[in-house]
Number of protein chains: 2
Amino acid sequence: MTDTKIEIIAAAVKCFRLNESATLEKIAQEAGVSRRTLHRYFKDRQELLDSCKNEMLDRCNKAMTEAYERDNDPIKKVRNMLFAAIEQGANYSFVKRIYERSSFAEVDRNKEFESDNVKSKWLTIIKNLQQEGRINAELTLPWIFNLFGSIIETSIYAFESGDIARNDSKKFAWTSFKGAIGLKE
Amino acid sequence: MTDTKIEIIAAAVKCFRLNESATLEKIAQEAGVSRRTLHRYFKDRQELLDSCKNEMLDRCNKAMTEAYERDNDPIKKVRNMLFAAIEQGANYSFVKRIYERSSFAEVDRNKEFESDNVKSKWLTIIKNLQQEGRINAELTLPWIFNLFGSIIETSIYAFESGDIARNDSKKFAWTSFKGAIGLKE
DNA sequence: TAATTATGTCACTTATTTGAGACATATTGC
DNA sequence: GCAATATGTCTCAAATAAGTGACATAATTA
């Protein structure tokens, strides 16, 4: 993929994250190219949106899978996945929206499958930890999953808004997530 | 305020929450009125947006202030405020966005002031609890504040998506928030 | 019932956004 | 330097959205 194309996708992700109706003019501007150039790479709005989805889903899956495999201890796997997601920043936020908003039409089947794979790995760890009595038994799996995502977003937002330093933001996220689900290390 | 006006504002809040560029056509449809009628109540898009802001800010402030005052115990105050915010549902989500997105231009000064009042009450409680060593000392106030908001949204979302029953959704939110900040009751 | 008010329908204008053609200008690799 | 490729500028047409006037119809109430 050319640098320009990558630039445009990055700009689009940044813009769409704030406003999924962002004009192509604005995206082109953010990417530092003319609108005409944007149209040369992407037939229309939909094609740009699809490229963003696929690209970001790929990156997030890759980053989180890599994080998952980096350690054998299940708790460290979860922690690494949390950190990996936070490091993805805007990319992660964008992907999260795809999943929770129907207005970003359905995700490509294959990509979704891959992602479910990462998700299912994560769910398996949590389920096991909960069965071992190391996670608060009151909480349900869907709740914990949603909470995980929202703490990641809080961390990204906290850092971006300048409220909190990068490393603190990651540390706080992990501390809070552990506490929130009553995880005993 | 007439029923129709209230209906339109409710519809607009619902639509804007998902997409701040929602067309007036869509909002009118959601409210069950014609676009022409919407324009009779609101001069233009901006006036509708402003009305939504003021109305929702009012409601949320009222609900949370009332919750704050319902009990004397500081921890119960915080819990009640959390529940009140969750009960506001879409209204709360909308207000939260106003505060975190600059694209929803600045909030009316007076309203903001009132709200800061609620916010400062909340911050004071948390600060005191932390000084008393009842909240994890590592975490900063801005982090705890952001976390509070994001757990509320997670709870609203969890309920709306059908993943979790209304009461569980509130219970989980409180359990998780307490754990996340290491609150000792 | 008559008058008033609220709302709907249709038509029209204007502004914005999108997409693409034609051609000029840079930039790159050979 | 030349050819190939990438990008910019200008232009225009189509689509969509916003705002408004004129008038019909429904609902409310004196």
Side-chain angles (χ1 to χ4, degrees), chain A residues 1-56 58 90 93-94 97-98 101-108, chain B residues 1-56 58 90 93-94 97-98 101-108:
Chain A
M1 199 152 24
T2 65
D3 281 0
T4 306
K5 198 165 181 182
I6 292 171
E7 271 303 309
I8 295 174
I9 290 180
V13 166
K14 209 169 149 186
C15 294
F16 285 148
R17 181 190 168 198
L18 288 172
N19 172 15
E20 70 184 274
S21 304
T23 64
L24 300 184
E25 186 70 52
K26 190 174 180 173
I27 292 167
Q29 205 177 315
E30 175 78 36
V33 300
S34 71
R35 191 163 61 84
R36 195 66 192 78
T37 297
L38 186 153
H39 274 295
R40 284 195 183 97
Y41 285 96
F42 304 95
K43 185 175 134 271
D44 56 21
R45 186 182 194 78
Q46 193 54 49
E47 195 174 302
L48 173 58
L49 202 49
D50 289 344
S51 299
C52 290
K53 285 180 198 171
N54 294 337
E55 189 63 23
M56 294 306 117
D58 256 7
S93 299
F94 178 86
R97 285 220 183 157
I98 293 176
R101 282 206 203 170
S102 57
S103 58
F104 271 116
E106 343 64 52
V107 181
D108 175 81
Chain B
M1 201 154 22
T2 65
D3 281 0
T4 307
K5 199 166 181 182
I6 292 172
E7 270 304 309
I8 295 173
I9 290 180
V13 166
K14 207 170 151 187
C15 294
F16 284 148
R17 181 189 170 202
L18 288 172
N19 172 15
E20 69 184 276
S21 305
T23 65
L24 300 183
E25 186 70 52
K26 191 175 178 171
I27 292 166
Q29 206 178 314
E30 176 77 35
V33 300
S34 72
R35 190 163 61 85
R36 195 65 191 78
T37 296
L38 187 153
H39 274 295
R40 284 196 183 96
Y41 285 96
F42 305 95
K43 186 176 135 271
D44 56 21
R45 186 184 192 78
Q46 193 53 50
E47 195 172 300
L48 174 58
L49 203 47
D50 290 343
S51 300
C52 289
K53 285 180 198 172
N54 294 337
E55 189 64 22
M56 293 306 117
D58 257 7
S93 298
F94 178 86
R97 285 221 182 157
I98 292 176
R101 283 206 201 170
S102 57
S103 59
F104 270 117
E106 344 64 51
V107 181
D108 175 80

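Convention: sequence-line order gives letters A, B, ...; per-chain numbering from 1. All heavy atoms count here, side chains included; hydrogens, waters and symmetry mates do not.
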Discussion item. Show, in sequence, the C-alpha distance, side-chain angles and deciding distance for A/E20 and A/L49, and conclude whether the side-chain contact (heavy atoms from CB on, under 4.5 Å) test is met.
Written reply: CA-CA 9 Å; A/E20 70 184 274; A/L49 202 49; over 6 Å; no
Worksheet item: Which of these passes side chain to side chain contact (heavy atoms under 4.5 Å, CB included) with A/V13: A/C52, A/S93, A/S51?
Response: A/C52
Fill in: Straight-line distance of A/D44 CG to A/H39 NE2, nearest 0.5 Å
8.5 Å
Worksheet item: In whole Å, what is the span from the CD atom of A/Q29 to the C1' atom of D/dT7?
Response: 17 Å
Check: protein-nucleotides 14-20 of chain C nitrogen or oxygen pairs below 3.5 Å:
residue	atom	partner	partner atom	Å
C/dT18	OP1	A/R45	NH1	2.8
C/dT18	OP2	A/L24	N	3.0
C/dG19	OP2	A/R45	N	3.4
C/dG19	N7	A/R35	NH1	2.9
C/dG19	O6	A/R35	NH2	3.4

Practice prompt. Could you check which of D/dT7, C/dA6, C/dG8 has an atom nearest any side-chain atom of B/Y41?
Written response: C/dA6
Discussion item. Could you tell me how far apart B/L48 (CG) and D/dA17 (C1') are, to the nearest whole angstrom?
Written reply: 15 Å
Practice prompt. Apply the test side-chain contact (heavy atoms from CB on, under 4.5 Å) to residues A/L38 and A/E25: give CA-CA distance (whole Å), side-chain angles for both, the deciding distance (0.1 Å), then the verdict.
Written response: CA-CA 9 Å; A/L38 186 153; A/E25 186 70 52; over 6 Å; no
Item to complete: Would you sort out whether B/I8 and B/T4 count as a side-chain contact (heavy atoms from CB on, under 4.5 Å), showing the intermediate values?
Response: CA-CA 6 Å; B/I8 295 173; B/T4 307; 4.0 Å; yes
Discussion item. Run the side-chain contact (heavy atoms from CB on, under 4.5 Å) test on A/R36 and A/R40 for me, step by step, so that the C-alpha distance in whole Å, both residues' side-chain angles and the decisive distance to 0.1 Å come before the verdict.
Written reply: CA-CA 6 Å; A/R36 195 66 192 78; A/R40 284 195 183 97; 3.8 Å; yes
Fill in: Spatial distance of atom NZ (B/K5) from atom OG1 (B/T37) [nearest 0.5 Å]
13.5 Å
Worksheet, complete the sentence: When rounded to the nearest 0.5 Å, the distance separating CD of B/E7 from OH of B/Y41 is 11.0 Å
Discussion item. Whether A/S34 contacts D/dT9 is assessed here as follows: a side-chain N or O lying under 4.0 Å from the phosphate OP1 or OP2. Is that the case?
Written reply: no
Practice prompt. Could you state the atom-to-atom distance from CG of A/L38 to P of D/dT9 in whole Å?
Written response: 14 Å
Worksheet item: Could you give the CD-to-C1' distance, from B/E7 to C/dA6, as a whole number of Å?
Response: 15 Å
Worksheet item: What is the per-nucleotide protein-contact pattern of nucleotides 23-30 of chain C, from the 5' end, where B denotes a base atom under 4.0 Å from a protein heavy atom, S denotes such proximity for sugar-phosphate atoms only, and - denotes neither?
Response: --------
